[in-house]
There are 2 protein chains.
Amino acid sequence: MADTTSAASTPPLKNELDIVIPTIRNLDFLEMWRPFFEPYHLIIVQDGDPSKTIKVPPGFDYELYNRNDINKLLGPKASCISFKDSACRCFGYMVSKKKYIYTIDDDCFVANDPSGKPINALDQHIKNLLCPSTPYFFNTLYEPYREGADFVRGYPFSLREGVPTAVSHGLWLNIPDYDAPTQLVKPLERNTRYVDAIMTIPKGTLFPMCGMNLAFDRDLIGPAMYFGLMGDGQPIGRYDDMWAGWCCKVICDHLGLGIKTGLPYIYHSKASNPFVNLRKEYKGIFWQEDIIPFFQSIVLPKECTTVQKCYIELSKLVKEKLSKVDPYFDKLADAMVTWIEAWDELNPTGASKAKGK
Amino acid sequence: MADTTSAASTPPLKNELDIVIPTIRNLDFLEMWRPFFEPYHLIIVQDGDPSKTIKVPPGFDYELYNRNDINKLLGPKASCISFKDSACRCFGYMVSKKKYIYTIDDDCFVANDPSGKPINALDQHIKNLLCPSTPYFFNTLYEPYREGADFVRGYPFSLREGVPTAVSHGLWLNIPDYDAPTQLVKPLERNTRYVDAIMTIPKGTLFPMCGMNLAFDRDLIGPAMYFGLMGDGQPIGRYDDMWAGWCCKVICDHLGLGIKTGLPYIYHSKASNPFVNLRKEYKGIFWQEDIIPFFQSIVLPKECTTVQKCYIELSKLVKEKLSKVDPYFDKLADAMVTWIEAWDELNPTGASKAKGK
């Protein structure tokens, strides 16, 4: 994998990765991440009031977009980017010109591993993304490519090469990513269990993708990383990353790409208000009972050979099958198309996509 | 779950669980397990020369079967029980009258957790078996029913009740369960990574089930725990547990049962000879390239409502689809039928099976 002899001098993927941060406040949290993030370029997506000034600690290399910038850049297509919801972060994925994206919430701090050493989350994500995935058969010793591990007896040799990894889903110590009802029932629960594992989510299995600590290969899966319509003017919130995760998973399964979950951990410092969350989530909580079987039943036609084609096909299926759950899905299906149009406008000729293959 | 207030006095499932041990030598390894195993009944399946005497440390409650006993009890049907291969252990599953089985190899010792505390593997297996599985959706914080964990945001509420757990697959510290080629390439590799996780293997995903440290609910899945034809007179070895695992997984998926993997760890003391293993495995290594797609493609008809019916159907499919890979599978398919006949003879009227539902 990465040449560790030179790792000390040049951070891995220094010129190939952007860090995307959605925020409404000054980015003091970056101080703690300085040793790990400072070498990289940041894309800050300012949510809410665009007249407010977001302070970024000195020394960081960044570009910042507020709502006015988004509207200016996308024109009418800006309608597909959520407002007053961290779903707006996906705008950053679209304007990036890099192959890899890492996105993190501004209430996430550096966690320590069980030995007390600060965890360089970004470095672990990069390792995950640069190492194949194994979605077709389960390895009981978890990530087979890690130092000290391998494929176990009975693992077919033809599957040991793996497939390219498109997504690396990291986890959270301290405040777990619970829904509002679970937050209300278990207000004091903290995640203190450091599970030293990385694993590929098997083909055909859906998972709840959290956007708090997430990295992906933009060339491989970028156009499917749309965080939907949430927040201002929408009947729902806090399902942005879930939606993206379900779309990405069925597309990765179709295209033969992998999604990993597990390490790295970040330290999630503060729980969001469960009462506010309940208001945002409650429609999602019953809609997802229809959404999950919908995604589980999807079979994309083999003509869908690019992420864009898959995503447009998915938007048609959303319109066809989920609009009857709520008219919201009709709007969402249209926004999915707008998102792809805007993506292709900002990323012309699919040059980047072809490069990644 | 278990009432922990009385746990100190009565070991969990004391009268409902048998420990099955296949062996060719004196069972000195039991000394180390005494605090954990002594309250339970052991079924020892003596492999190889039946005239040899196997010494069992005093104080253990056990019954022992050698080849003569197996032949006497099963008559011509004894042909389905392997000889000179630890696959013979499945005879013990058949003669047990208990609801739960734990099986362990005689080169497996008590492992320590990261704090240095000896791990009561059996106790963790019992916890796993008594707690539901979640095969229909992936939980990123692993076992949602554990202390300090739960279902994360985006996990459908309708799936949080889970399904009954049929199998608990434990792991191994020190010598990992590698195939002969991997053993040869990495003779010094040791598993030192204690991964503090338990997880359900998702529906539709196959896994390599190792028989070294394995527990299951005999009422729910027992008749599918057949370890096949291995060893003496057979062209293959070391695929006994794999075969059982693949059969169990497709049947669990069909019947709505769960399989867990992860904790508990045992300490696997000595690697078997990789040269001998290569001779036993080499046909399996290329056959499995056909076997895995075969199992991945299986759809059992909905008329198969019991494990026995599923297993007989599976035997037909093996005969139909795998016989062309090698005539061995024709013999194996017949042995699968003989196994079910012998099982039903020793476990009449399905009384035990009905009880478990």
Side-chain angles (χ1 to χ4, degrees), chain A residues 114 136-142 146 148-159 169 171 176-182 185-186 189-197 199 201-210 238-239 241-242 245-246 261-262 277 281 284-286 288-289 291-292 296, chain B residues 114 136-142 146 148-159 169 171 176-182 185-186 189-197 199 201-210 238-239 241-242 245-246 261-262 277 281 284-286 288-289 291-292 296:
Chain A
Y136 303 124
F137 199 82
F138 190 93
N139 195 48
T140 49
L141 287 185
Y142 311 98
R146 270 181 102 181
D150 212 311
F151 292 96
V152 300
R153 181 170 56 93
Y155 203 104
F157 278 82
S158 62
L159 297 177
H169 178 260
L171 299 175
D177 187 31
Y178 288 162
D179 48 63
T182 308
V185 171
K186 292 177 152 185
E189 188 150 293
R190 297 294 177 266
N191 185 25
T192 58
R193 184 176 289 125
Y194 181 94
V195 175
D196 186 12
M199 47 181 308
I201 301 181
K203 186 180 179 192
T205 301
L206 294 173
F207 79 114
M209 188 178 82
C210 172
R238 284 171 59 83
Y239 273 86
D241 42 6
M242 297 299 139
W246 297 326
T261 184
N277 290 347
E281 281 175 16
I285 284 173
F286 60 83
Q288 79 186 356
E289 299 295 337
I291 297 173
I292 297 306
Q296 284 172 335
Chain B
Y136 304 123
F137 200 83
F138 190 93
N139 195 48
T140 50
L141 286 186
Y142 311 97
R146 268 181 104 181
D150 212 311
F151 294 95
V152 300
R153 180 171 57 92
Y155 203 104
F157 278 82
S158 62
L159 297 177
H169 178 260
L171 299 175
D177 187 31
Y178 287 163
D179 48 64
T182 308
V185 171
K186 293 178 152 184
E189 188 149 296
R190 298 293 178 267
N191 185 23
T192 58
R193 185 176 287 124
Y194 181 94
V195 175
D196 187 12
M199 46 181 308
I201 301 180
K203 187 180 179 190
T205 301
L206 293 173
F207 79 113
M209 188 180 82
C210 172
R238 283 171 58 84
Y239 273 86
D241 41 6
M242 296 300 140
W246 297 326
T261 184
N277 290 347
E281 282 176 14
I285 284 173
F286 60 84
Q288 80 186 356
E289 299 294 338
I291 297 173
I292 298 306
Q296 284 173 335

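Model, not experiment: these values are computed from the prediction. Order of the sequence lines fixes the chain letters, A, B, ..., with proteins taken first and strands second; residue numbering starts at 1 for each chain.
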Which atom of [X] lies closest to which atom of [Y], heavy atoms considered:
| X | Y | answer |
| --- | --- | --- |
| B:Phe157 | A:Glu289 | N-OE2, 3.0 Å |
| A:Phe137 | B:Trp246 | CZ-NE1, 3.6 Å |
| B:Val195 | A:Asp196 | CG2-O, 3.3 Å |

So which of [options] has the largest heavy-atom pair count under 4.5 angstrom toward chain A?
| options | value |
| --- | --- |
| B:Asp177, B:Leu171, B:Asn277 | B:Asp177 |
| B:Ala180, B:Pro208, B:Ala197 | B:Pro208 |
| B:Ile291, B:Asn139, B:Asp150 | B:Asp150 |
| B:Arg193, B:Glu189, B:Arg238 | B:Arg193 |
| B:Gly284, B:Pro202, B:Gly204 | B:Pro202 |

(message) Whether the side chain of B:Lys186 engages the backbone of A:Ala149 through a donor-acceptor N/O pair (distance < 3.5 Å, no angle test) should be reported.
(response)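 Here the side-chain-to-backbone pair exists.
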(request) Could you tell me whether the side chain of B:Gln296 and the main chain of A:Tyr136 form a donor-acceptor pair under 3.5 Å? (result) yes
(message) Test of understanding: with side-chain contact (heavy atoms from CB on, under 4.5 Å), list the residues that count as partners of B:Asp241, not counting sequence neighbours.
(response) A:Arg153, B:Cys210, B:Phe227
Would you mind checking which part of [X] comes under 4.5 Å of any heavy atom in chain B, side chain (CB onward), backbone (N, CA, C, O), both or neither?
| X | answer |
| --- | --- |
| A:Thr205 | side chain |
| A:Pro181 | side chain |
| A:Arg190 | backbone |
| A:Tyr142 | side chain |
| A:Thr140 | both |
| A:Lys203 | backbone |
| A:Ile292 | side chain |

(request) Measure distances from B:Leu206 to the heavy atoms of chain A and classify the residue's part below 4.5 Å as side chain, backbone, both or neither. (result) both
(request) Heavy atoms only, distances under 4.5 angstrom: which of A:Arg146, A:Glu281, A:His169 has the most pairs with chain B? Name it, please. (result) A:Arg146
(request) Select, from A:Gly148, A:Pro114, A:Pro176, the one with the greatest count of heavy-atom pairs under 4.5 Å involving chain B. (result) A:Gly148
(request) Could you tell me whether the side chain of A:Phe151 reaches within less than 4.5 Å of the side chain of B:Thr182, counting heavy atoms only? (result) no
